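To start, the structure itself, in structure tokens.
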Amino acid sequence: MQSIRSVLLTAAAIAITVAALVFTASIAVALAGIAAVVAIGSAIAAKLNGKPAPVRARANPTGERREMRIWNDGRGTIIDL
């Protein structure tokens, strides 16, 4: 009787462990799917946003030279020639 009880308890413990493993794996797959959908949506939104219009570079039409300006806007040094 003792060995039958231990076999049944062992089988129950294995069944509970497998159920917990399956539950955890399903939650992980669901979270990975949600993260993938959010990442794909973000990429599509960034692509649909469009490209900014290019800024046309022009030479100084009067021919006079300006002084070089250098300043820091907090994100890096800007050198205006």
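This structure is a prediction, so every number in the text was calculated from the model and none was measured. Just so you know, residue 1 is the first one in the sequence shown, and it goes up from there.
Grouped by direct or indirect side-chain proximity (heavy atoms under 4.5 Å, Ile/Leu/Val/Met/Phe/Trp/Tyr only), I16 sits alone. W71 belongs to a hydrophobic cluster with I78, counting contacts under 4.5 Å between side-chain heavy atoms of Ile, Leu, Val, Met, Phe, Trp and Tyr, direct or through other members.
L9 contributes atom CG, which lies 11.0 Å from atom CD1 of I14 (distance to the nearest 0.5 angstrom).
Of the possible polar contacts, none joining the S42 side chain to the V38 backbone as a donor-acceptor pair under 3.5 Å is found.
Under a hydrophobic-cluster definition in which Ile, Leu, Val, Met, Phe, Trp and Tyr are linked whenever side-chain heavy atoms come within less than 4.5 Å, directly or via other members, V29 and V37 are assigned to different clusters.
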